[in-house]
Amino acid sequence: MNKLIRTVGHISVQTFLISFSFLFTGCGPNNTQSTISILWRDNKAIGLSIPHSLVKESENTINKLQIRLIKPGERTAILGKYKIEEEQIVFESAVHLTRGFQYEVLWLDSLLAEIEIPIDESVIAPELLMVYPTQDTVPENLLKIFLHFSQPMVEGQSISHITLLKNGRDTLDGTFLDLQPELWNNESTVLTLWLDPGRIKRDLIPNRELGAPLIANESYTLHISPNWKSKEGKSLLIPYSKTFVTTLRDDESPVIENWNIVAPKSETTEPLEINFLEPLDYSLLNYAIRLADEQQKFIGGTIKLSLEEGRLHFTPNKLWKAGHYTLIIDGRLEDLAGNNLNRPFDRDLKLKEKQNPSKEIFESEFDIR
Amino acid sequence: MKKIYFFFLTVMAGAIILAATSKSASVRDGFVNGTPEIKSISALTFGTNGILFIGDSKSATVFAIDTKDTEKVEKASAVEIKQIDQKVAAALGTDVKNISFLDLAVNPLSKKIYCAVQLNDGTPVLLRIEGEKIVSVNLKDVGYSSMALANVPAEDAKDQRGRPLRVASISDMGFSDGKVFVSGLSNQEFSSTFRSISFPFTKQQEQASLEIYHAAHSQYETNSPIRTFTISEISGKKYLVASYTCTPLVLFPLDELKSGTHVKGRTVAEMGSGNSPLDIITLKKGGESFLLMANSSRPVFKVNYKSIEEFQGSLTTPVAESFATAGVNFVSLPVMNVLQMDKLDESQFILLQRKTNGDLDLWTAGDRYL
């Protein structure tokens, strides 16, 4: 196998030639490149470079060239653009060529070469780092589960890789909402799974027909298939499972007045500690709580969750100064059952007179001495 | 006299050309030539004059692309491509397991089908189906404009915590009367965001907060997110007809969806469990309008708009429990496993359907289904 690596502008060129037939060897006047090369950008094979020496120049050179995937059955030309440059014809495919696949280059009906896009040996297997909520006791009307992976994962296939088993025996169908597109973070490392809200909501037809997805005082195991692949094409290193038990339905909004704030000492960078007295939603906790000083300036810092998302620690970037501080909490902050600060997940209109008007933010004040 | 006549004709011709030019210029107002940075394709919808809107969840942006596909076709030819997934995969030089179909949209002018496909590694690609041919749509050096979705609170800029941006996945898009409508799903809270964005894009976008009133039960209300929607006229008034992740069909008067307003929609039908609605379209047959809805685990439903109109009147008061379970009457069409659906013309629609033998076929259904 010939191997040639060189760089042309921003695109690196690597030649992997399995076999080729020099149908027109010696036709090109300046035969500096004699083999077909793979063009690379950002570690992806974006096309091929075909030296003029391999093809017979004519008015319709481009129309006579064809790049096809080698596969059983009918083969068709790959979509892409051809560009005639001084030394070569550059083919840029509509999407990058797939690693591990072989392609053939044809001039009219004659085979010029077969090229394999090499597998990237440096790619490592992805891991499932964490499943949220982390605690193993959840309310029966749990609304969301978050899966945090070590690498960007293939999207759109979660339902086929996730199984929920009741009491270690029965596989449950239709527990999770099949959403397309799925709800991934921008990096494609955190997936939000929703337990079917139509079944959680009281009195909706799905709820009446099938009941809630989870029932109190039962044990459930979430299994993640090791066949789930990263975007780089590697499967999960190991299968993963998490067992949790269910408690009674939670229809109460979190009440910030009940939170316990442990203020740090001034002139330190000790973390501020907020105890919620119940686990709250992992994803919302990461953005819903901010801290402002007496001048209403936001304090920069980092947060850490502990006690199975029941406690938040805020470590400031700078030393704490003595003074009055305000926690500014987004009204959308939810507990595990989707009850936010303003209202429970589903609200009974008959009880409307007891409801307060919705607020975008909630505040809680404390002093640092 | 002849001279005057000639002068008059010249002025008229000039005026017509000017009108045509300014009209086309206004649609492309704010367009630049270049390569839009499209990171993902979540939804497609066409506006007028061959403008294709691409909803990009990853960059939280709506792109307007000038496809230059403006040749008018009145009656579309039926399209049928068997094993379209195999054919698309081969055209992209990869295996069928490595691709997924994201959305389909028909250009109402040319009746050509546009199809967004994604590789497993997230690379999006836009294709056009021309008869039996699959071609790639060039998104390099094209005329385009874009609008970032304002889903990040302004105060975030002041926050130095480096918090991750909230993700609002675009669940559906639609275009009506010079406005792009975008429904969103959040990866965090259980809520409904619905935006209306004037086109050509200005700095303004309106975001209404929507809420469902479960009229059928006269009890509960929620902020459930919209999965798919269409804009339709019901009793002479424009409505957002939205289908939800939890309870399918809800109506909102379009003129009430204004920025900062809180609008309660009314559920007119619940259409089954363990199901997620995928696409809604409106078709016509013999002076009657029908709503068609594709579902993740149910057949395609057909609803006569007449029955929605009739139901509309009775929704102002809570309905009797026995009636509530039925809601608006709908018919299940003998078409299962439809992944994507769009209107081809007034009486035909295209379906991307997983057949019982495992094949993924694109085919055209006519008014026999209406």
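- Of all heavy-atom pairs spanning Phe101(A) and Asp95(B), the tightest one is CE2-N, 3.3 Å.
- By number of non-hydrogen pairs under 4.5 angstrom with chain A, the leading residue of Ser59(B), Ala89(B), Ala90(B) is Ala90(B).
- Using a 4.5 Å heavy-atom cutoff, the side chains of Asn98(B) and Thr98(A) are in contact.
- With respect to chain A, the highest number of heavy-atom pairs below 4.5 Å among Asp103(B), Leu119(B), Asn138(B), Val125(B) belongs to Leu119(B).
- Residues Asp121(B) and Lys44(A) meet the side-chain proximity criterion, which asks for heavy atoms closer than 4.5 Å.
- Ranked by heavy-atom pairs under 4.5 Å with chain B, the list Lys229(A), His96(A), Lys71(A), Arg68(A) is led by His96(A).
- Using a cutoff of 4.0 Å between basic side-chain nitrogens and carboxylate oxygens, Glu155(A) and Lys58(B) are scored as salt-bridged.
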Let me check something: any side-chain donor-acceptor pairs from residues 126-136 of chain B under 3.5 Å, sequence neighbours excluded? List them with distances.
unit_1: Arg128(B); atom_1: NE; unit_2: Glu130(B); atom_2: OE2; d: 2.8
unit_1: Arg128(B); atom_1: NH1; unit_2: Tyr114(B); atom_2: OH; d: 3.0
unit_1: Arg128(B); atom_1: NH2; unit_2: Glu130(B); atom_2: OE2; d: 3.2

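- Residue Ser93(A) does not touch chain B at all, counting heavy-atom pairs closer than 4.5 Å.
- Under the rule for a side-chain hydrogen bond (donor to acceptor under 3.5 Å, both in side chains), the partners of Ser40(B) that lie at least two apart in sequence or sit in another chain are Asp56(B).
- In this structure, no portion of Glu74(A) lies under 4.5 Å from any heavy atom of chain B.
- In summary, Lys140(B) and Glu92(A) engage in a salt bridge, as defined by a charged side-chain N under 4.0 Å from a carboxylate O.
- Neither the backbone nor the side chain of Leu97(A) comes within contact range of chain B; no heavy atoms are under 4.5 Å apart.
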